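What you see is a predicted model; the values in this text were computed from it and never measured.
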Amino acid sequence: AAAMEGAEQQFTDDASENLQLYPLEEYPDRRKVFLDESAEENAATLQFGSAFADAEPLLNAEVAIILEHTKQQKEEQKTAPSAVFDQAFAYVKEFSRHENHAAVQELREALQQTELEPFERAAMGNLAPGSATEAKALIPSLTRFPDDQLQEILDRCVWKQAASLFSL
């Protein structure tokens with residue numbers, strides 16, 4: 001445990017040394033980056049930069065499951081989670097659409113079987129739009145799908161969400 005604490009302290013020290021602070025006026029305006037289609041990162045065109053090339057975004061419910069498990073481990077080790085951990089856990093619990101682990105897995109599997117990109121799958125699972133029009137308004141990259149195809153995807157996911165309500 002002492003070796004682990006030393007490693008954590010070294011990581012924290014290294015991160016602090018590499019942290020660069022800029023005057024507020026020098027920070028890039030993220031809104032401009034979102035709207036600029038030539039930018040490296042743009043959710044509307046599914047461009048997320050090289051750091052996210054092989055990443056699979058998680059549903060809020062999946063994050064809640066992971067954090068619940070982490071919280072249980074911390075309780076067993078008699079260590080208190082940080083305030084940031086507690087805030088993140090409260091957020092994903094508040095915005096999770098499922099509490100049943102099996103339902104979360106079923107929804108993930110249903111989303112995996114679609115033609116959606118990883119970001120779109122996570123956004124659809126988290127936002128649970130009720131119609132193709134709403135989905136396209138919330139997730140601009142979905143405009144490439146015809147309404148009937150997108151509605152079919154939504155119907156499959158809505159069925160999974162409804163099933164989870166009855167399996168609690």
Side-chain angles (χ1 to χ4, degrees), residues 4 7-8 11-12 15 30-31 33-34 39-168:
M4 187 62 129
E8 287 177 3
F11 176 77
T12 303
R30 300 301 291 177
R31 293 170 296 183
V33 171
F34 179 79
E40 182 180 346
E41 297 177 16
N42 184 337
T45 59
L46 299 174
Q47 296 174 342
F48 298 101
S50 58
F52 296 98
D54 297 321
E56 180 68 35
L58 298 175
L59 302 172
N60 288 335
E62 291 171 315
V63 175
I65 291 168
I66 293 166
L67 294 182
E68 177 70 39
H69 179 72
T70 302
K71 185 176 181 178
Q72 289 172 353
Q73 287 180 326
K74 288 187 174 292
E75 288 172 357
E76 289 171 7
Q77 297 168 353
K78 297 185 180 6
T79 58
S82 69
V84 172
F85 178 93
D86 287 338
Q87 290 171 344
F89 186 52
Y91 175 87
V92 294
K93 292 284 284 183
E94 176 75 23
F95 293 102
S96 293
R97 300 218 175 255
H98 308 283
E99 292 188 19
N100 180 318
H101 294 201
V104 173
Q105 186 174 356
E106 285 180 19
L107 178 58
R108 168 58 74 177
E109 289 170 4
L111 289 165
Q112 293 288 94
Q113 295 172 7
T114 67
E115 305 83 27
L116 301 175
E117 295 294 323
F119 168 78
E120 295 167 327
R121 290 192 294 260
M124 291 276 278
N126 287 332
L127 298 171
S131 68
T133 303
E134 182 181 3
K136 289 178 179 183
L138 293 171
I139 310 163
S141 61
L142 295 177
T143 57
R144 71 182 192 283
F145 290 100
D147 284 353
D148 59 337
Q149 184 181 5
L150 190 54
Q151 190 61 51
E152 182 182 319
I153 292 169
L154 285 167
D155 292 344
R156 281 185 273 165
C157 294
V158 167
W159 179 84
K160 294 295 183 190
Q161 292 170 2
S164 74
L165 294 175
F166 298 108
S167 59
L168 290 174

Pairs touching residues 104-152 that satisfy ring pair (Phe, Tyr, Trp, His ring centres under 6.0 Å), sequence neighbours left out = F48-F119

request  = Would you mind listing every salt bridge (Lys or Arg N to Asp or Glu O under 4.0 Å) that reaches into residues 109-129, with sequence neighbours excluded?
outcome  = E56-R121, E120-R144

task = For residues 126-140, pull every pair meeting side chain to side chain donor-acceptor pair (under 3.5 Å), keeping only residues two or more places apart or in separate chains.
result = K136-D147

key: Partners passing side chain to side chain contact (heavy atoms under 4.5 Å, CB included) against L127 (at least two apart in sequence or in another chain)   = A123, P129, L138, I139

remark   = What one should report as the nearest heavy-atom pair of L58 and A122 is O-CB, 4.0 Å

request  = Assess whether side-chain contact (heavy atoms from CB on, under 4.5 Å) is satisfied between E62 and V92, documenting all intermediate values.
outcome  = CA-CA 9 Å; E62 291 171 315; V92 294; over 6 Å; no

ask   = When rounded to the nearest 0.5 angstrom, what distance separates CZ in R156 from CG in L107?
value = 11.5 Å

note = Taken in chain and number order and not counting sequence neighbours, the residues that satisfy side chain to side chain contact (heavy atoms under 4.5 Å, CB included) with F95 are N60, Y91

inquiry  = Rounded to the nearest 0.5 Å, what separates atom CD in Q149 from atom CD1 in I153?
reply    = 5.5 Å

task = Decide whether Q105 and H101 meet the rule of one side-chain donor and one side-chain acceptor closer than 3.5 Å.
result = no

inquiry  = What's the separation between atom OG1 in T70 and atom CD1 in I66, rounded to the nearest 0.5 Å?
reply    = 7.5 Å

Inter-residue atom distance E68.CD - S96.OG, 0.5 Å rounding = 10.5 Å

task = Apply the test side-chain contact (heavy atoms from CB on, under 4.5 Å) to residues L67 and K71: give CA-CA distance (whole Å), side-chain angles for both, the deciding distance (0.1 Å), then the verdict.
result = CA-CA 6 Å; L67 294 182; K71 185 176 181 178; over 6 Å; no

ask   = Can you name the closest pair of heavy atoms from P57 and R108 and give their distance?
value = O-NH2, 2.8 Å

task = Report the C-alpha separation of L59 and V63 in whole Å, then their side-chain angles, then the decisive distance to 0.1 Å, and conclude whether the side-chain contact (heavy atoms from CB on, under 4.5 Å) test is met.
result = CA-CA 6 Å; L59 302 172; V63 175; over 6 Å; no

key: Pairing residues for E152 by the side-chain hydrogen bond (donor to acceptor under 3.5 Å, both in side chains) criterion, not counting sequence neighbours   = none

